[in-house]
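Order of appearance sets the numbers: ligands from 1, and atoms from 1 within every ligand.
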Amino acid sequence: MTLLLNPETRRSEITQPSNVPESSGVELSVVVPAFNEALGIAAFLELLFGVLHGCCGRFEVCVVDDGSRDDTWQRVADVQARFPELSAIRFTRNFGKEAAILAGLRHAVGRAVLVIDADGQHPPALIPQFLDTWRNGGAQIVAARKAARSSDSWMARASARAFNMIMRMVTGLDLTGASDYRLLDRRVVDALLAFPEKVRFFRGMTVWTGFSTRHLSFDVAPRIAGTTQWSSAQLTKLAISAITAYSAKPLGMIFRLGMIGMAAAFLLLMQALYSWLANIAVSGWTSMTVIVLFFGSANLLGIGVLGAYLAQVFDEIKARPEYLIDKELRSRVSRAQSSSDG
Ligand code: UDP
Ligand code: MG
């Protein structure tokens, strides 16, 4: 606990050199969060390894099975024999994409880590460009931006637009077109892993670190198979935690709303007094209804926003692990290494 509270300790933790041994010699670690991707994961890994063999020195790929309820795990185990650099982690249940990314970052040993979706919507063909930009451009983060979302429904596009607008207004982070398809230098990964918080929003956190960033652009491809795994309830939850984790502005907004309401109520009171004095008072039903509705909903809204922050604090304070691992498949490369070490 003192570790978390002492700012000196935390600063030294963040600037500490990486825990990953230089000798790992892995240039790129690829993290693939996957939830119910049984239909397409084998084809995706085939594609991914094809690209990696062509452009990368030593690499590793880690699939994080986020508690899939289909045969994703089985499919990954089936193809492992063909890909010596492939390892996998399986969660006990669905903990969400953010947790899966975190597990992948913790597992990775590369000098750079690339996060990519398992459904083929993030084209692996872009990987050589990621590597070139990172190797030559001196940037610590290479982030791919969605140029076109033509394969998304209008509903998905409209919600993404609304979310980005609110996020920009409230937190100042511009996430328009941002995706989780990004490459992070080891320094960025180590900085992210030193964050003590439980509630995470990968995209926002990497922007927050402030490391130098280069952007690539890509067209969102159609899924190889299956449908999106996000329910609208999950998306709303992600949006609320993304906002409440980055800004306390909504709390200030409620306060201002309260002030405006008070001013409006005062004006109405003046008007009511005048009508009464001038003997032109009418039944007052409409204004009463408006006042009651306005303050009733403003109250509920305020409690809702407070509740969202309280829930965030509650989650942090419980300090439960972000995920639980059920099983792991080690890559043949690391198994060979540990048997030669021992
Ligand atoms: N995913 C995950 N856990 C979840 C939901 C999704 O690991 O609870 C993975 C999913 O398998 C995919 C990536 O996150 O690799 C993006 O998910 P999806 O394609 O459903 O989202 P979208 O492309 O619509 O953003
Ligand atoms: Mg997708």
Side-chain angles (χ1 to χ4, degrees), residues 30-48 61-76 79 86-108 113-124 126-127 143-164 167 175-182 199-204 218-242 322-326:
V30 181
V31 170
V32 187
F35 176 57
N36 291 349
E37 301 284 3
L39 289 176
I41 190 110
F44 168 74
L45 289 173
E46 191 81 49
L47 195 69
L48 179 68
V61 175
C62 179
V63 174
V64 185
D65 177 356
D66 184 12
S68 296
R69 291 183 272 268
D70 64 3
D71 289 336
T72 303
W73 182 254
Q74 200 47 50
R75 293 288 89 76
V76 174
V79 298
L86 178 65
S87 62
I89 296 173
R90 177 167 164 79
F91 288 171
T92 51
R93 63 165 171 86
N94 181 235
F95 281 91
K97 187 182 180 188
E98 296 294 324
I101 293 176
L102 177 65
L105 294 184
R106 285 191 178 142
H107 179 274
V113 181
L114 176 79
V115 177
I116 184 169
D117 281 3
D119 57 6
Q121 291 201 282
H122 294 166
L126 207 63
I127 295 177
R145 279 207 178 121
K146 298 171 189 165
R149 302 180 64 119
S150 44
S151 67
D152 289 358
S153 68
W154 71 266
M155 194 49 193
R157 274 177 285 173
S159 349
R161 205 169 306 136
F163 170 70
N164 288 328
M167 199 67 189
L175 297 177
T176 311
S179 73
D180 289 334
Y181 193 15
R182 43 188 66 213
V199 181
R200 284 163 179 268
F201 181 53
F202 176 67
R203 246 172 274 182
F218 75 105
D219 291 325
V220 181
R223 283 182 141 267
I224 293 179
T227 50
T228 177
Q229 303 301 325
W230 289 96
S231 65
S232 30
Q234 268 179 317
L235 277 177
T236 314
K237 208 173 137 203
L238 180 73
I240 292 177
S241 68
E322 297 86 349
Y323 52 82
L324 291 175
I325 293 177
D326 182 21

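Ion pairing between Asp117 and Arg223 fails under the 4.0 Å rule for side-chain N and carboxylate O.
For ligand 1, the protein residues within 4.0 angstrom (heavy atoms only) are Pro33, Ala34, Phe35, Glu37, Asp66, Asn94, Gly96, Lys97, Asp117, Ala118, Asp119, Gln121, Arg223, Thr228, Gln229, Trp230, Gln234.
The atom name of the N/O/S atom in Asp119 closest to the Mg ion (ligand 2) is OD2.
A cation-pi arrangement is found for Arg93 relative to Phe95, the charged atom lying closer than 6.0 Å to the ring centre and inside a 45° cone about the ring normal.
In plain terms, the two heavy atoms of Ala99 and Phe91 that are nearest each other are O-CZ, 3.7 Å.
For Arg106, the CZ atom sits in a packed shell: over 12 heavy atoms of surrounding residues, nucleotides or ligands are nearer than 6.0 Å.
In summary, Thr228 places no N/O/S atom under 2.8 Å from the Mg ion (ligand 2), failing the contact criterion.
Ring-plane geometry between Tyr181 and Phe218 is classed as perpendicular, the angle between the planes exceeding 60 degrees on a 0 to 90 degree scale with a lower cut at 30.
Atom CG in Asp119 sits 12.0 Å away from atom CG in Leu39 (nearest 0.5 Å).
In this structure a side-chain-to-backbone donor-acceptor pair under 3.5 Å is missing from Asp326 to Arg90.
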